[in-house]
Number of protein chains: 2
Amino acid sequence: MALTRRQQEILDRLRRREDAGAPAPTLDELCGLLGLRSRGSLHKHIQALVAAGLVEPLHGQHRGVRLVAQPAREPAPEPAHEDLLPLLGTIAAGRPIEAIAEPEQIAVPSHLRSDRPCYVLQIAGDSLCEAGILDGDYVVIEQRDHARNGEIVVALIRGEDVTLKRILQESGRVLLYPENSAMQAMEYHPDEVLIQGVLVGQMRRYR
Amino acid sequence: MALTRRQQEILDRLRRREDAGAPAPTLDELCGLLGLRSRGSLHKHIQALVAAGLVEPLHGQHRGVRLVAQPAREPAPEPAHEDLLPLLGTIAAGRPIEAIAEPEQIAVPSHLRSDRPCYVLQIAGDSLCEAGILDGDYVVIEQRDHARNGEIVVALIRGEDVTLKRILQESGRVLLYPENSAMQAMEYHPDEVLIQGVLVGQMRRYR
DNA sequence: GCTAGTGGAGAACAAATAGAGAACCGTTCG
DNA sequence: CGAACGGTTCTCTATTTGTTCTCCACTAGC
(Lines give C-alpha, C1' and ligand atoms only; values in the text may rest on other atoms or scores of the structure.)
Protein backbone atom coordinates (compact mmCIF):
# COMPACT_ATOMS: atom_id res chain seq x y z
CA MET A 1 0.00 0.00 0.00
CA ALA A 2 1.30 3.37 -0.95
CA LEU A 3 2.03 5.82 1.82
CA THR A 4 0.99 9.41 1.78
CA ARG A 5 3.63 12.08 1.94
CA ARG A 6 3.13 12.70 5.61
CA GLN A 7 3.17 9.03 6.46
CA GLN A 8 6.44 8.64 4.59
CA GLU A 9 7.90 11.57 6.45
CA ILE A 10 6.93 10.10 9.79
CA LEU A 11 8.37 6.74 8.83
CA ASP A 12 11.64 8.33 7.76
CA ARG A 13 11.82 10.14 11.06
CA LEU A 14 11.24 6.97 13.00
CA ARG A 15 13.94 5.17 11.06
CA ARG A 16 16.41 7.96 11.62
CA ARG A 17 15.69 7.94 15.32
CA GLU A 18 16.10 4.20 15.51
CA ASP A 19 19.38 4.35 13.60
CA ALA A 20 20.57 6.95 16.08
CA GLY A 21 19.76 4.59 18.92
CA ALA A 22 17.06 6.78 20.41
CA PRO A 23 14.27 5.19 22.44
CA ALA A 24 10.78 4.74 21.06
CA PRO A 25 9.06 8.14 21.10
CA THR A 26 5.65 8.83 22.56
CA LEU A 27 3.00 10.42 20.39
CA ASP A 28 3.60 13.72 22.15
CA GLU A 29 7.31 13.63 21.45
CA LEU A 30 6.71 12.82 17.82
CA CYS A 31 4.26 15.69 17.61
CA GLY A 32 6.99 18.00 18.81
CA LEU A 33 9.48 16.69 16.28
CA LEU A 34 7.01 17.02 13.44
CA GLY A 35 5.62 20.36 14.49
CA LEU A 36 2.18 19.01 15.20
CA ARG A 37 0.02 20.11 18.05
CA SER A 38 -2.54 17.37 18.11
CA ARG A 39 -1.85 13.82 19.21
CA GLY A 40 -5.07 12.80 17.52
CA SER A 41 -3.85 13.84 14.10
CA LEU A 42 -0.59 12.00 14.51
CA HIS A 43 -2.39 8.95 15.76
CA LYS A 44 -4.23 8.66 12.48
CA HIS A 45 -0.94 8.54 10.59
CA ILE A 46 0.54 6.00 12.97
CA GLN A 47 -2.52 3.83 12.49
CA ALA A 48 -1.93 3.90 8.76
CA LEU A 49 1.68 2.81 9.29
CA VAL A 50 0.52 0.01 11.57
CA ALA A 51 -1.95 -1.10 8.92
CA ALA A 52 0.88 -1.10 6.40
CA GLY A 53 2.83 -3.42 8.70
CA LEU A 54 5.65 -0.93 9.21
CA VAL A 55 5.04 0.02 12.83
CA GLU A 56 4.27 -2.25 15.75
CA PRO A 57 0.68 -2.07 16.93
CA LEU A 58 0.42 -0.11 20.16
CA HIS A 59 -2.65 -1.76 21.65
CA GLY A 60 -3.12 1.04 24.06
CA GLN A 61 0.12 0.31 25.84
CA HIS A 62 2.47 3.13 26.72
CA ARG A 63 5.48 1.78 24.96
CA GLY A 64 6.02 4.41 22.35
CA VAL A 65 6.05 4.11 18.60
CA ARG A 66 8.29 1.27 17.50
CA LEU A 67 9.12 0.11 14.02
CA VAL A 68 8.51 -3.55 13.31
CA ALA A 69 11.68 -5.56 13.21
CA GLN A 70 12.87 -5.33 9.68
CA PRO A 71 13.36 -8.86 8.33
CA ALA A 72 16.24 -7.52 6.32
CA ARG A 73 16.18 -4.10 4.86
CA GLU A 74 18.18 -5.44 1.96
CA PRO A 75 16.87 -3.52 -1.05
CA ALA A 76 19.80 -1.17 -0.64
CA PRO A 77 23.04 -2.77 -1.67
CA GLU A 78 24.20 0.53 -3.06
CA PRO A 79 22.39 3.14 -1.04
CA ALA A 80 24.53 5.90 -2.48
CA HIS A 81 22.98 5.63 -5.90
CA GLU A 82 19.59 6.20 -4.43
CA ASP A 83 20.64 9.75 -3.77
CA LEU A 84 22.08 10.70 -7.11
CA LEU A 85 20.13 13.15 -9.23
CA PRO A 86 21.03 14.60 -12.62
CA LEU A 87 22.58 18.06 -12.62
CA LEU A 88 21.01 19.46 -15.75
CA GLY A 89 22.62 22.87 -15.99
CA THR A 90 22.64 26.39 -14.69
CA ILE A 91 19.69 28.71 -14.43
CA ALA A 92 19.94 32.48 -14.53
CA ALA A 93 17.01 34.81 -14.21
CA GLY A 94 15.71 35.60 -17.66
CA ARG A 95 17.89 33.22 -19.59
CA PRO A 96 17.17 29.76 -20.87
CA ILE A 97 18.65 26.97 -18.83
CA GLU A 98 22.18 26.46 -19.91
CA ALA A 99 22.40 22.74 -20.21
CA ILE A 100 25.57 20.87 -19.37
CA ALA A 101 26.91 18.90 -22.30
CA GLU A 102 27.59 15.72 -20.35
CA PRO A 103 24.90 15.04 -17.80
CA GLU A 104 26.51 15.05 -14.38
CA GLN A 105 25.20 13.33 -11.29
CA ILE A 106 25.09 15.01 -7.90
CA ALA A 107 24.40 13.50 -4.49
CA VAL A 108 21.22 14.77 -2.82
CA PRO A 109 20.07 13.54 0.60
CA SER A 110 16.56 12.14 0.49
CA HIS A 111 15.19 14.77 2.87
CA LEU A 112 16.00 17.50 0.37
CA ARG A 113 14.02 15.91 -2.43
CA SER A 114 10.50 14.64 -2.90
CA ASP A 115 9.22 11.23 -3.85
CA ARG A 116 8.60 12.28 -7.42
CA PRO A 117 11.28 12.63 -10.08
CA CYS A 118 13.66 15.47 -9.33
CA TYR A 119 16.65 17.12 -10.91
CA VAL A 120 19.23 19.69 -9.89
CA LEU A 121 20.16 23.08 -11.31
CA GLN A 122 22.91 25.48 -10.35
CA ILE A 123 22.04 29.11 -9.78
CA ALA A 124 23.71 31.89 -11.70
CA GLY A 125 23.03 35.41 -10.56
CA ASP A 126 21.44 37.07 -7.58
CA SER A 127 17.82 37.39 -8.58
CA LEU A 128 16.74 35.21 -5.67
CA CYS A 129 19.22 36.40 -3.09
CA GLU A 130 16.48 37.70 -0.83
CA ALA A 131 14.97 34.24 -0.74
CA GLY A 132 18.26 32.91 0.57
CA ILE A 133 19.36 31.48 -2.77
CA LEU A 134 22.73 32.74 -3.88
CA ASP A 135 24.90 32.58 -6.94
CA GLY A 136 26.39 29.12 -7.21
CA ASP A 137 23.83 27.35 -5.04
CA TYR A 138 22.37 24.05 -6.12
CA VAL A 139 18.59 23.80 -6.16
CA VAL A 140 16.59 20.60 -6.21
CA ILE A 141 13.57 20.78 -8.52
CA GLU A 142 10.64 18.41 -8.51
CA GLN A 143 9.48 17.73 -12.06
CA ARG A 144 5.90 18.95 -12.14
CA ASP A 145 3.67 21.00 -14.46
CA HIS A 146 1.58 22.68 -11.80
CA ALA A 147 2.24 24.49 -8.55
CA ARG A 148 0.51 25.84 -5.51
CA ASN A 149 0.50 29.55 -4.95
CA GLY A 150 3.54 30.69 -3.03
CA GLU A 151 5.81 27.93 -4.26
CA ILE A 152 8.98 28.79 -6.12
CA VAL A 153 8.83 27.38 -9.63
CA VAL A 154 10.95 26.91 -12.69
CA ALA A 155 8.83 28.68 -15.27
CA LEU A 156 9.21 28.84 -19.03
CA ILE A 157 7.92 32.18 -20.31
CA ARG A 158 6.48 32.27 -23.85
CA GLY A 159 8.65 29.31 -24.73
CA GLU A 160 11.74 31.49 -24.50
CA ASP A 161 13.05 32.41 -21.10
CA VAL A 162 13.35 30.28 -18.00
CA THR A 163 13.32 31.74 -14.52
CA LEU A 164 13.08 30.63 -10.93
CA LYS A 165 10.43 32.73 -9.23
CA ARG A 166 7.70 32.62 -6.63
CA ILE A 167 4.33 32.12 -8.30
CA LEU A 168 0.87 33.51 -7.64
CA GLN A 169 -1.87 32.19 -9.91
CA GLU A 170 -5.10 34.13 -10.05
CA SER A 171 -8.02 33.78 -12.37
CA GLY A 172 -6.91 35.12 -15.72
CA ARG A 173 -3.35 36.03 -14.79
CA VAL A 174 -0.14 34.70 -13.36
CA LEU A 175 2.24 36.77 -11.27
CA LEU A 176 5.90 35.90 -10.89
CA TYR A 177 7.74 37.51 -7.99
CA PRO A 178 11.49 37.80 -7.99
CA GLU A 179 12.65 37.86 -4.37
CA ASN A 180 14.59 40.96 -5.05
CA SER A 181 13.06 44.25 -4.15
CA ALA A 182 15.00 45.95 -6.92
CA MET A 183 13.05 43.97 -9.49
CA GLN A 184 9.40 44.13 -10.41
CA ALA A 185 6.86 41.35 -10.25
CA MET A 186 5.92 40.28 -13.77
CA GLU A 187 2.38 39.62 -14.87
CA TYR A 188 1.50 37.11 -17.58
CA HIS A 189 -1.42 35.39 -19.17
CA PRO A 190 -1.72 31.78 -17.95
CA ASP A 191 -1.01 30.52 -21.46
CA GLU A 192 2.32 32.31 -21.48
CA VAL A 193 3.69 30.54 -18.43
CA LEU A 194 4.68 26.88 -18.46
CA ILE A 195 5.65 25.41 -15.13
CA GLN A 196 8.54 23.00 -15.44
CA GLY A 197 9.17 22.17 -11.82
CA VAL A 198 8.92 23.27 -8.22
CA LEU A 199 11.72 24.08 -5.83
CA VAL A 200 11.92 21.47 -3.07
CA GLY A 201 15.47 21.77 -1.78
CA GLN A 202 18.63 23.81 -1.86
CA MET A 203 22.30 23.20 -1.08
CA ARG A 204 25.33 25.42 -0.76
CA ARG A 205 28.97 24.70 -0.34
CA TYR A 206 31.38 27.09 1.40
CA ARG A 207 35.00 26.87 0.51
CA MET B 1 8.17 -8.74 25.57
CA ALA B 2 8.36 -5.06 24.94
CA LEU B 3 9.64 -2.90 27.76
CA THR B 4 8.17 0.34 28.94
CA ARG B 5 10.30 3.42 28.69
CA ARG B 6 11.14 3.41 32.36
CA GLN B 7 12.08 -0.25 32.28
CA GLN B 8 14.31 0.40 29.30
CA GLU B 9 15.95 3.29 31.09
CA ILE B 10 16.67 1.18 34.14
CA LEU B 11 18.05 -1.60 32.00
CA ASP B 12 20.34 0.80 30.17
CA ARG B 13 21.53 2.13 33.48
CA LEU B 14 22.31 -1.34 34.73
CA ARG B 15 24.19 -2.17 31.58
CA ARG B 16 26.24 0.98 31.78
CA ARG B 17 27.12 0.26 35.39
CA GLU B 18 28.16 -3.24 34.52
CA ASP B 19 30.27 -2.03 31.61
CA ALA B 20 31.94 0.41 33.99
CA GLY B 21 32.80 -2.47 36.29
CA ALA B 22 30.65 -1.24 39.18
CA PRO B 23 29.27 -3.78 41.63
CA ALA B 24 25.59 -4.77 41.55
CA PRO B 25 23.59 -1.96 43.13
CA THR B 26 20.99 -2.27 45.86
CA LEU B 27 17.48 -1.05 45.28
CA ASP B 28 18.17 2.00 47.39
CA GLU B 29 21.24 2.92 45.37
CA LEU B 30 19.33 2.55 42.15
CA CYS B 31 16.58 4.74 43.55
CA GLY B 32 19.14 7.43 44.17
CA LEU B 33 20.53 7.16 40.66
CA LEU B 34 17.09 7.33 39.10
CA GLY B 35 15.73 10.05 41.34
CA LEU B 36 13.16 7.83 42.96
CA ARG B 37 12.19 7.95 46.59
CA SER B 38 10.36 4.68 46.91
CA ARG B 39 12.00 1.30 46.79
CA GLY B 40 8.60 -0.20 46.17
CA SER B 41 8.13 1.63 42.92
CA LEU B 42 11.54 0.57 41.65
CA HIS B 43 10.93 -3.01 42.71
CA LYS B 44 7.96 -3.21 40.38
CA HIS B 45 10.17 -2.26 37.45
CA ILE B 46 12.84 -4.75 38.42
CA GLN B 47 10.20 -7.45 38.60
CA ALA B 48 9.19 -6.65 35.06
CA LEU B 49 12.82 -6.97 33.94
CA VAL B 50 13.08 -10.30 35.72
CA ALA B 51 9.93 -11.47 33.98
CA ALA B 52 11.45 -10.42 30.68
CA GLY B 53 14.49 -12.57 31.47
CA LEU B 54 16.86 -9.62 31.49
CA VAL B 55 17.70 -9.48 35.19
CA GLU B 56 18.53 -12.36 37.53
CA PRO B 57 15.73 -13.17 39.95
CA LEU B 58 16.58 -11.86 43.41
CA HIS B 59 14.58 -14.27 45.57
CA GLY B 60 14.99 -12.09 48.57
CA GLN B 61 18.72 -12.37 48.61
CA HIS B 62 20.83 -9.33 49.40
CA ARG B 63 22.93 -9.66 46.31
CA GLY B 64 21.91 -6.56 44.50
CA VAL B 65 20.44 -6.33 41.08
CA ARG B 66 22.35 -8.31 38.50
CA LEU B 67 21.85 -8.67 34.78
CA VAL B 68 21.55 -12.14 33.37
CA ALA B 69 24.50 -13.15 31.28
CA GLN B 70 23.87 -11.68 27.89
CA PRO B 71 23.85 -14.36 25.18
CA ALA B 72 25.56 -12.07 22.73
CA ARG B 73 25.10 -8.39 22.74
CA GLU B 74 26.26 -7.51 19.27
CA PRO B 75 28.84 -4.75 19.61
CA ALA B 76 28.16 -2.50 16.66
CA PRO B 77 26.94 -3.93 13.36
CA GLU B 78 26.80 -0.30 12.28
CA PRO B 79 28.32 0.13 8.84
CA ALA B 80 28.83 3.76 9.83
CA HIS B 81 27.15 5.27 6.86
CA GLU B 82 29.55 7.71 5.32
CA ASP B 83 26.89 10.30 4.71
CA LEU B 84 25.26 10.50 8.13
CA LEU B 85 26.31 13.29 10.48
CA PRO B 86 24.98 14.03 13.96
CA LEU B 87 22.37 16.76 14.21
CA LEU B 88 23.38 18.33 17.49
CA GLY B 89 20.75 20.99 17.97
CA THR B 90 19.61 24.43 16.98
CA ILE B 91 21.62 27.59 17.02
CA ALA B 92 20.15 31.04 17.43
CA ALA B 93 22.15 34.24 17.39
CA GLY B 94 23.12 35.12 20.91
CA ARG B 95 21.81 32.00 22.57
CA PRO B 96 23.64 28.87 23.60
CA ILE B 97 23.16 25.96 21.27
CA GLU B 98 19.97 24.20 22.19
CA ALA B 99 20.99 20.59 22.13
CA ILE B 100 18.61 17.90 21.05
CA ALA B 101 17.99 15.41 23.82
CA GLU B 102 18.26 12.36 21.64
CA PRO B 103 20.98 12.57 19.03
CA GLU B 104 19.58 12.39 15.54
CA GLN B 105 21.45 11.60 12.37
CA ILE B 106 21.00 13.54 9.18
CA ALA B 107 22.14 12.65 5.69
CA VAL B 108 24.72 15.03 4.23
CA PRO B 109 26.16 14.56 0.76
CA SER B 110 29.92 14.40 0.78
CA HIS B 111 30.30 17.51 -1.34
CA LEU B 112 28.69 19.62 1.41
CA ARG B 113 31.12 18.53 4.09
CA SER B 114 34.85 18.44 4.56
CA ASP B 115 37.17 15.56 5.23
CA ARG B 116 37.46 16.47 8.88
CA PRO B 117 34.84 15.66 11.53
CA CYS B 118 31.65 17.61 10.94
CA TYR B 119 28.32 18.04 12.60
CA VAL B 120 25.02 19.69 11.71
CA LEU B 121 23.05 22.44 13.40
CA GLN B 122 19.65 23.85 12.58
CA ILE B 123 19.26 27.61 12.36
CA ALA B 124 16.76 29.49 14.47
CA GLY B 125 16.24 33.13 13.63
CA ASP B 126 17.15 35.47 10.84
CA SER B 127 20.45 36.93 11.94
CA LEU B 128 22.19 35.48 8.87
CA CYS B 129 19.43 36.01 6.34
CA GLU B 130 21.56 38.34 4.24
CA ALA B 131 24.14 35.59 3.90
CA GLY B 132 21.48 33.35 2.44
CA ILE B 133 20.96 31.36 5.63
CA LEU B 134 17.35 31.33 6.79
CA ASP B 135 15.37 30.17 9.78
CA GLY B 136 15.13 26.39 9.71
CA ASP B 137 18.11 25.78 7.44
CA TYR B 138 20.61 23.07 8.26
CA VAL B 139 24.24 24.09 8.37
CA VAL B 140 27.19 21.72 8.20
CA ILE B 141 29.98 22.70 10.57
CA GLU B 142 33.54 21.47 10.45
CA GLN B 143 34.89 20.93 13.93
CA ARG B 144 37.85 23.27 14.20
CA ASP B 145 39.27 25.75 16.73
CA HIS B 146 40.69 28.27 14.29
CA ALA B 147 39.44 30.03 11.21
CA ARG B 148 40.62 32.19 8.36
CA ASN B 149 39.35 35.71 8.06
CA GLY B 150 36.08 35.88 6.20
CA GLU B 151 34.91 32.43 7.13
CA ILE B 152 31.64 32.00 8.97
CA VAL B 153 32.29 30.41 12.34
CA VAL B 154 30.46 28.98 15.31
CA ALA B 155 31.89 31.14 18.09
CA LEU B 156 31.53 30.85 21.83
CA ILE B 157 31.63 34.31 23.39
CA ARG B 158 32.97 34.59 26.94
CA GLY B 159 31.93 31.02 27.57
CA GLU B 160 28.30 32.03 27.43
CA ASP B 161 26.69 32.71 24.08
CA VAL B 162 27.12 30.86 20.83
CA THR B 163 26.65 32.55 17.49
CA LEU B 164 27.19 31.92 13.83
CA LYS B 165 28.98 34.94 12.35
CA ARG B 166 31.59 35.96 9.83
CA ILE B 167 34.91 36.48 11.53
CA LEU B 168 37.70 39.00 11.05
CA GLN B 169 40.73 38.52 13.27
CA GLU B 170 43.13 41.45 13.61
CA SER B 171 46.03 41.95 15.96
CA GLY B 172 44.53 42.51 19.38
CA ARG B 173 40.88 42.23 18.44
CA VAL B 174 38.31 40.00 16.84
CA LEU B 175 35.34 41.31 14.88
CA LEU B 176 32.19 39.28 14.36
CA TYR B 177 29.88 40.43 11.57
CA PRO B 178 26.25 39.45 11.52
CA GLU B 179 25.13 39.42 7.88
CA ASN B 180 22.26 41.65 8.75
CA SER B 181 22.64 45.33 8.20
CA ALA B 182 20.22 46.01 11.05
CA MET B 183 22.74 44.55 13.48
CA GLN B 184 26.13 45.86 14.51
CA ALA B 185 29.44 44.10 14.18
CA MET B 186 30.72 43.12 17.60
CA GLU B 187 34.30 43.63 18.70
CA TYR B 188 35.99 41.35 21.21
CA HIS B 189 39.33 40.60 22.72
CA PRO B 190 40.81 37.44 21.21
CA ASP B 191 40.60 35.70 24.58
CA GLU B 192 36.85 36.23 24.67
CA VAL B 193 36.13 34.37 21.48
CA LEU B 194 36.43 30.58 21.20
CA ILE B 195 35.97 29.15 17.71
CA GLN B 196 34.06 25.89 17.78
CA GLY B 197 33.71 25.21 14.10
CA VAL B 198 33.55 26.63 10.60
CA LEU B 199 30.62 26.67 8.22
CA VAL B 200 31.27 24.41 5.23
CA GLY B 201 27.79 23.62 3.90
CA GLN B 202 24.15 24.49 4.08
CA MET B 203 20.88 22.77 3.17
CA ARG B 204 17.30 23.90 3.01
CA ARG B 205 14.09 22.05 2.47
CA TYR B 206 11.03 23.63 0.88
CA ARG B 207 7.60 22.24 1.39
C1' DG C 1 -20.40 24.31 -7.80
C1' DC C 2 -19.69 19.44 -5.40
C1' DT C 3 -17.02 15.50 -3.46
C1' DA C 4 -13.27 12.61 -1.97
C1' DG C 5 -8.72 12.47 0.09
C1' DT C 6 -5.40 14.31 3.08
C1' DG C 7 -3.88 16.72 7.10
C1' DG C 8 -4.51 19.17 11.35
C1' DA C 9 -6.72 21.05 15.95
C1' DG C 10 -8.75 20.05 20.09
C1' DA C 11 -11.66 17.85 23.58
C1' DA C 12 -12.83 14.01 26.19
C1' DC C 13 -11.99 9.26 27.78
C1' DA C 14 -9.93 4.99 29.64
C1' DA C 15 -6.18 2.44 30.50
C1' DA C 16 -1.31 1.84 31.35
C1' DT C 17 2.40 3.52 33.77
C1' DA C 18 4.80 5.68 37.51
C1' DG C 19 5.59 7.01 42.07
C1' DA C 20 4.95 7.66 47.33
C1' DG C 21 4.56 5.67 51.51
C1' DA C 22 4.00 2.18 54.76
C1' DA C 23 4.16 -2.31 56.55
C1' DC C 24 6.17 -6.93 56.60
C1' DC C 25 9.92 -10.42 56.58
C1' DG C 26 14.45 -12.54 56.51
C1' DT C 27 19.31 -11.97 57.21
C1' DT C 28 23.37 -10.14 59.42
C1' DC C 29 25.83 -8.33 63.06
C1' DG C 30 26.73 -5.55 67.19
C1' DC D 1 18.16 -9.88 71.73
C1' DG D 2 17.25 -6.12 68.64
C1' DA D 3 18.73 -2.79 65.50
C1' DA D 4 20.03 -2.12 60.70
C1' DC D 5 19.78 -3.41 56.10
C1' DG D 6 17.68 -4.95 51.96
C1' DG D 7 14.02 -7.20 49.42
C1' DT D 8 8.87 -7.79 49.14
C1' DT D 9 4.11 -6.59 49.08
C1' DC D 10 0.44 -3.67 49.59
C1' DT D 11 -2.66 0.56 48.97
C1' DC D 12 -3.39 4.96 47.21
C1' DT D 13 -2.80 8.69 43.93
C1' DA D 14 -1.11 11.31 39.94
C1' DT D 15 0.47 11.63 35.45
C1' DT D 16 1.20 10.05 30.93
C1' DT D 17 -0.22 7.98 26.93
C1' DG D 18 -3.00 5.95 23.46
C1' DT D 19 -7.64 6.26 21.62
C1' DT D 20 -11.73 8.15 19.71
C1' DC D 21 -14.44 11.70 18.35
C1' DT D 22 -15.99 16.04 16.02
C1' DC D 23 -14.89 20.00 13.49
C1' DC D 24 -12.19 22.58 10.04
C1' DA D 25 -8.83 23.79 6.05
C1' DC D 26 -6.88 22.79 1.86
C1' DT D 27 -6.26 20.35 -2.57
C1' DA D 28 -7.49 17.70 -6.55
C1' DG D 29 -10.74 16.10 -9.60
C1' DC D 30 -15.07 16.15 -11.68
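Values in this document were obtained by computation on a predicted structure and should not be read as measured data. Reminder, nothing fancy here: chain letters follow the sequence lines and each chain counts from 1.
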Residues which pass side-chain contact (heavy atoms from CB on, under 4.5 Å) with Q47(B), listed by chain and number, not counting sequence neighbours: H43(B)
First-last contacting nucleotides on DNA chain C - partner chain B, under 4.0 angstrom, heavy atom: dT17(C) to dG26(C)
Qualifying residues under side-chain contact (heavy atoms from CB on, under 4.5 Å), relative to Q122(B), sequence neighbours excluded: T90(B), Y138(B)
Length of the CZ-P vector between R66(A) and dT17(D), whole Å: 13 Å
With R13(A) via side chain to side chain donor-acceptor pair (under 3.5 Å) - residues at least two apart: none
Residues that L134(A) engages under side-chain contact (heavy atoms from CB on, under 4.5 Å), provided they are two or more places apart: C129(A), D137(A), R204(A)
Pair E151(A) + R144(A), salt bridge at N-O below 4.0 Å: yes
Nucleic acid footprint by protein, nucleotides 2-14 of chain D - heavy-atom cut-off 4.0 Å, B for base, S for sugar-phosphate alone: ---BBBBB-----
Value in whole Å for how far the C1' atom of dC26(D) lies from CD of E151(A): 13 Å
For E56(A), salt bridge (Lys or Arg N to Asp or Glu O under 4.0 Å) partners two or more places apart: none
Salt bridge (Lys or Arg N to Asp or Glu O under 4.0 Å) pairs, two or more places apart, involving residues 25-53 of chain B: D28(B)-R39(B)
Those residues that, when tested against R205(A), pass salt bridge (Lys or Arg N to Asp or Glu O under 4.0 Å) (two or more places apart): none
